[in-house]
Structure formats: C-alpha cells, structure tokens
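In this text, all values refer to a predicted model and were calculated from it rather than measured experimentally. Reckoned from all heavy atoms, side chains included, excluding hydrogens, waters and symmetry mates.
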Protein chains: 2
Amino acid sequence: MPEKTAPLAQIGMLRHLTHAHWTRIEPEFSTLRHCAAGETVSERGQPLSQSLLLLDGIVGRRIRTGRNHSGRHHLVALQVPGDFVDLHAYPLKVLDHDIVAITDVRMAAVSHTRLKAVLGSHPELSRQLWSLTLVDAAIHRHWALRNGTMRALQRVANLFAELVTRLDEGHGTTGDTYLLNLTQPHIGDACGLSGVHVNRVLRSLREANCCTYAKGRLVVQDRAALNRIADFDPYYLYLPET
Amino acid sequence: MPEKTAPLAQIGMLRHLTHAHWTRIEPEFSTLRHCAAGETVSERGQPLSQSLLLLDGIVGRRIRTGRNHSGRHHLVALQVPGDFVDLHAYPLKVLDHDIVAITDVRMAAVSHTRLKAVLGSHPELSRQLWSLTLVDAAIHRHWALRNGTMRALQRVANLFAELVTRLDEGHGTTGDTYLLNLTQPHIGDACGLSGVHVNRVLRSLREANCCTYAKGRLVVQDRAALNRIADFDPYYLYLPET
DNA sequence: ATCTGTCGTTAATAATTGTTAAGACGAGGA
DNA sequence: TCCTCGTCTTAACAATTATTAACGACAGAT
C-alpha cells in the first residue's frame, strides 16, 4: 500500500486547473519520490506506469545525440515546480528522451491506472491536463525559436528570463535570487553554445549589471534590463490570468 | 447548415487513432477549407472555435520576433497531411503563433462544440487526440535540438530527413520527389540560418549527390546518405508500428 | 593526504556563419 | 516587348562562435 502524502499545494502551472478539478485529482497522488541532483528520473524508451508532478527543484529533459547516442548531451526543456514532468507518458506510454534531476527534487506520483479512472468520468479535467502539456509544447516551440534566431547573449538572457518568470509563477512571488544549479556546460547544452562561450556571455551580463550567475545561483539585479536584452514576451507561457 | 464533406482517409499521424475511434470522429468534419500558398490560415491571439485537419499540402507555424513583432519571421514547425494544424486551440482556446499555408492546402474543419460533445463520452478517443499533440511536442523538442546542436549542413539535412519521413508516412509510400514549396529563406527561417548560407548548404548537398532542392522541389538521390549526414533517428516521431 | 575529475576562467586560434552587394534568371504584368 | 519583382547564386568581408589549451579551485574518492 502506498503511503498517503500530505495535501499538495496548487502551485505554478497547476493554476490552469480550476480549484474544483484540482481537488478531484489531488488525492490521487499517493506517493512521493525524491531524486538527488544529477540522478536520472526516467530513461528514454522505458515503459512508464505512473506520471510525476514536480513539487520542488528543477528537472531537465535530455537527449543524447550521435551514433548510438553516445555523443553530446542536450537539454531540450527544463521543468519547474508545478509542472508535470511525465504527464505525456500517460497517453504516449513511453518517452523519447531522458529526464534528469538538475537540483535535488521532490515529486508526487499518480499511477496511470488511477488517472485513467478519474479522467474517464471527468472530460473537463482531461482537457485541463491536456492544456498543461500544450503549454509545454508552446515552450518547446519557443526553445526552437530561441536557438534558431538569437545570438548567444540574447539566448542566455532569454533562457534566464523564461526561467525566472516560470519560477516566480510557481512561488506566486517575484524574487531576485534563484537556485538553478545549472553548470555553465548545462546552460550551453540548453542554448546550443559551448561552455566556454557561456562563460563569456555570463561575464557580459554581469558587467552590464543585468544579472550574476555563480555557483548555480542566478541573481537578477535589473529585471527590466534582463527582459530587454532577452526581448522577452511571456505570451507563449499562457500564464493564468490572476 | 455546413456542407458535408466526402469521407476522409485515415492518413499519416491519424493512424495513431484506432480505426473504430476514427470512424467515430471522421463524420464530425463537416466543412472544407482551402488556402492558397502564402495565405495566413490563422493568427496569433485570435479566438478559434474550430480545429483544422490538414488533408493536402504543407502549413507552417510562424512566430514574429522583435519589438511589436515587426522583425524577422521564424518557422517553428511544419505540418504535413494527416496532421492537425489547430488541435491545440481546442483546449487552449487561442494560439501563440500564426499559421501560414506554405503550399496550396486543403483542410477539414471540426467545431469545438462538436468535438467537446464527442470527446465527453469517449475518453479513449480524447487520449488518442491528446497523443497526436504530444507527438507534435516531441517534434518541437527535436527542432530545438536541431537548432541547438547541429551545424548548418546537418541541420538542413536533418530537416529534410524529417520531412520526407513524415510525408512518406502520410502517403504510406516511399518516394524520392517532394513538393515542399519552401524558399531558401524559408528553410533558413526554419533552421536558424541566413538565406545565403542555406544556398551554400544546398549546393553542398547537391555536390555530395545526396539530394537536390530546386524550385520548391526536393529530390532525394541517396536517402542513406541523407540520413547519415542528418544523423537521423526517427524514434521521436512515434511512428505507428505497421 | 593525494589523486582524479569537473567546473570555471582566460587567451589564442580556427571554423562557421552572417551581412552586404551585385548580377542572372524567370514569371507575370503593362 | 519591356519592365519589375522575387528568388537564386556567388563573392568579399565581417562578426560570431567553437576549439584547444592551460591553470586554479574545489569536491569526492582512495
């Protein structure tokens, strides 16, 4: 028998769900899962029987390229608290990418069996969960856009702008310090840059008094400047109107 | 009363639907829509009350960047016959990007009202449609990967490899000539390259006897070479097992 | 305590790609 | 017919970014 978790808060993108629907699905999350930074949460091709909701920390979607996937890593998405990390495994049964913990993370799990039982009689809840994955898709499109159209400085600034916006949305506050725990090579993997060039870009952002990234921690000194350098428009995030 | 269309074939990604579910939803497509190459099918922010299924031709998802969106265009996705172009508008109500016809296209429409009625009593069909949008999301992730990790030659080759695979999947055959109707700047918009550099890349592919792109038409001379140059692994397309 | 590996930093160099400009070509209109 | 427009093509040049290398700092392992 799985242990019962404490009630979960309706944070971040979960606010796309109406409160009534949230209270309907929240009790179905019956187990907690912890992963330490660097651990693999799930692997490409592995059949999944449950989906995970991220409560705390950051996870990344990673794809390995090259012959027999032995080459470089690349980060194609980052998830923040309130995101489902695995929800697409419910309809698709299997994922085409790895999921790795960037920071230490805490997640809540719901089995696909129970999900199916609930969704079968709640089409509107189905539609709301579907929406969550569609917002992820919109974010993926933006990552393609970022890597396709922006120069290095703007790319990194834009990634930071997106992440702080999404992290703020999770907490419901606006902060100025964020623990991302990404190494400079990680940022390069996400933005399509070499680690060396990420280092140059971070120095530029620091010298522009825009933001400082050190030891996995992002400190935003001038958010307006960050958004300007990033040409950041959060429309694609489909943030719930407050 | 909308005109009734002729029965639609279950092509391309629609084969993710079981035949039983397809026959359930197929009659709901009650109107046809045609667009000429270059026309805008729907615009960012415009509320949509129906979704479109692509029957013939190619459409692109386009995002404008820069202050007040007056800058460059970028293509973040291309859809081929058998794809829904608009299905995410059903849960999301509104799109964050424009949809433009690349070639002349023919589409079938289903109203969200009827979709809601059908899906409300068919949770398994809901899940299958959800899957279709999740495959699109996987393709988006691959586009981010392509623009982030690959050099120009590989990027264009990879885009071509993806498109011919998806177009073949639509027709159920393997061909060697494909009408894409993309200009060289279009390809640049999709791959994050300048039009001039696309021209250089196309010459390389031609001189390698790999494939020839001219007048909007792609002729694949050596598919193995194309897939090799592209480092192409179609796993992410979640092709239905045949 | 020492070794080992990863990360961060910087510089020098090389490769890739963007920009600008100009001419060729073809389609379609006056 | 001639003109115009958009696309394709190429060249020359400039800007961006990757690569390699070297070194210091640090953490974990033995």
Side-chain angles (χ1 to χ4, degrees), chain A residues 36-39 60 62 65-66 71-75 100-104 146-159 179-207 211-219 229, chain B residues 36-39 65-66 71-75 100 102-104 146-159 179-208 211-219 229:
Chain A
E39 274 186 57
R62 188 186 60 189
T65 55
R72 290 275 136 79
H73 293 288
H74 192 75
L75 286 171
V100 297
I102 303 292
T103 66
D104 295 342
R146 174 191 297 136
N147 286 347
T149 60
M150 296 179 177
R151 320 265 91 230
L153 180 73
Q154 195 177 18
R155 269 192 229 180
V156 175
N158 191 278
L159 176 67
L179 179 63
L180 304 182
N181 214 35
L182 297 163
T183 65
Q184 292 181 6
H186 274 147
I187 296 173
D189 289 343
C191 292
L193 301 167
S194 69
V196 172
H197 203 60
V198 169
N199 187 280
R200 294 190 270 252
V201 165
L202 292 180
R203 178 161 37 135
S204 292
L205 289 171
R206 193 180 335 120
E207 290 172 352
C211 59
T212 305
Y213 190 82
K215 303 201 137 309
R217 194 173 302 273
L218 175 67
V219 181
I229 294 172
Chain B
E39 275 185 57
T65 55
R72 288 274 137 79
H73 291 183
H74 193 74
L75 286 170
V100 297
I102 303 293
T103 65
D104 295 340
R146 174 191 298 136
N147 287 347
T149 60
M150 296 181 177
R151 323 264 88 231
L153 180 72
Q154 195 177 18
R155 269 191 229 179
V156 175
N158 191 278
L159 176 67
L179 179 63
L180 304 182
N181 215 33
L182 296 164
T183 64
Q184 292 182 5
H186 274 148
I187 295 173
D189 289 343
C191 292
L193 300 167
S194 69
V196 172
H197 203 59
V198 169
N199 187 281
R200 293 190 269 249
V201 166
L202 291 180
R203 178 161 36 131
S204 292
L205 289 171
R206 194 181 334 120
E207 289 171 353
C211 59
T212 304
Y213 191 82
K215 305 199 135 311
R217 194 174 302 274
L218 175 67
V219 180
I229 293 173

Practice prompt. Classify the nucleic acid contact of Gly188(B) as base, sugar-phosphate or nothing, counting any heavy atom under 4.0 Å across all strands shown.
Written response: nothing
Practice prompt. Remember a base hit wins even if backbone is also touched, and classify Gly192(A) as base, sugar-phosphate or nothing at under 4.0 Å, heavy atoms.
Written response: sugar-phosphate
Discussion item. Please evaluate residues His74(B) and Asn147(B) with respect to the criterion side chain to side chain contact (heavy atoms under 4.5 Å, CB included), reporting the C-alpha separation (whole Å), side-chain torsions for both, the decisive distance (0.1 Å), and the verdict.
Written reply: CA-CA 12 Å; His74(B) 193 74; Asn147(B) 287 347; 4.1 Å; yes
Practice prompt. Measure the distance from NE2 on His197(B) to C1' on dT10(D) and round it to the nearest whole Å.
Written response: 14 Å
Worksheet item: Taking CG from Asn199(A) and C1' from dT20(D), how many angstroms apart are they, rounded to a whole number?
Response: 15 Å
Worksheet item: Would a 4.5 Å heavy-atom cut-off, applied to side chains only, mark Leu153(A) and Leu205(A) as touching?
Response: yes
Discussion item. Taking the side chain as everything from C-beta on, heavy atoms only, tell me whether Tyr213(B) gets closer than 4.5 Å to Leu180(B).
Written reply: yes
Practice prompt. Would you mind reading off the distance between Leu193(B) atom CG and dT17(D) atom C1', rounded to a whole angstrom?
Written response: 14 Å
Worksheet item: Can you find a donor-acceptor N/O pair under 3.5 angstrom joining the side chain of Arg200(B) to the base of dA11(D)?
Response: no
Item to complete: Could you state the atom-to-atom distance from CZ of Arg151(B) to C1' of dT19(D) in whole Å?
Response: 11 Å
Worksheet item: Contact boundaries of DNA chain C with chain B (under 4.0 Å, heavy atoms), 5' to 3'?
Response: dT16(C) to dT20(C)
Worksheet item: Atom NE2 of His186(B) to atom C1' of dG6(D): distance rounded to whole Å?
Response: 12 Å
Worksheet, complete the sentence: When rounded to the nearest 0.5 Å, the distance separating CG of Asp189(A) from OG of Ser194(A) is 10.5 Å
Item to complete: Map Val196(A) and Ala152(A) onto DNA chain D by nearest heavy atom, then report which one ends up closer to the 5' terminus.
Response: Ala152(A)
Worksheet, complete the sentence: Rounding to 0.5 Å, atoms CG (Leu202(A)) and CD (Gln184(A)) come to a distance of 5.0 Å
Worksheet item: Considering only heavy atoms from C-beta outward, does the side chain of Arg155(A) approach that of Leu159(A) to under 4.5 Å?
Response: no
Worksheet item: Do Thr149(A) and Arg72(B) come close enough that some side-chain heavy atom pair is under 4.5 Å?
Response: no
Worksheet item: In Å and rounded to the nearest 0.5 Å, what is the NE2 to SG distance from His186(A) to Cys191(A)?
Response: 12.5 Å
Discussion item. Mind checking if Thr183(B) touches a base, just sugar-phosphate, or nothing, with heavy atoms under 4.0 Å?
Written reply: sugar-phosphate
Discussion item. I'd like to know if the side chain of Asp104(A) and the backbone of Ala37(A) have a donor-acceptor N/O pair within less than 3.5 Å.
Written reply: yes
Worksheet item: Axis-to-axis angle across the helix from dA1(C)-dT30(D) to dA30(C)-dT1(D), five pairs an end, to 10 degrees?
Response: 40°
Practice prompt. Report which part of the nucleic acid Leu202(A) touches: base, sugar-phosphate, or nothing (heavy-atom distance under 4.0 Å, all strands).
Written response: nothing
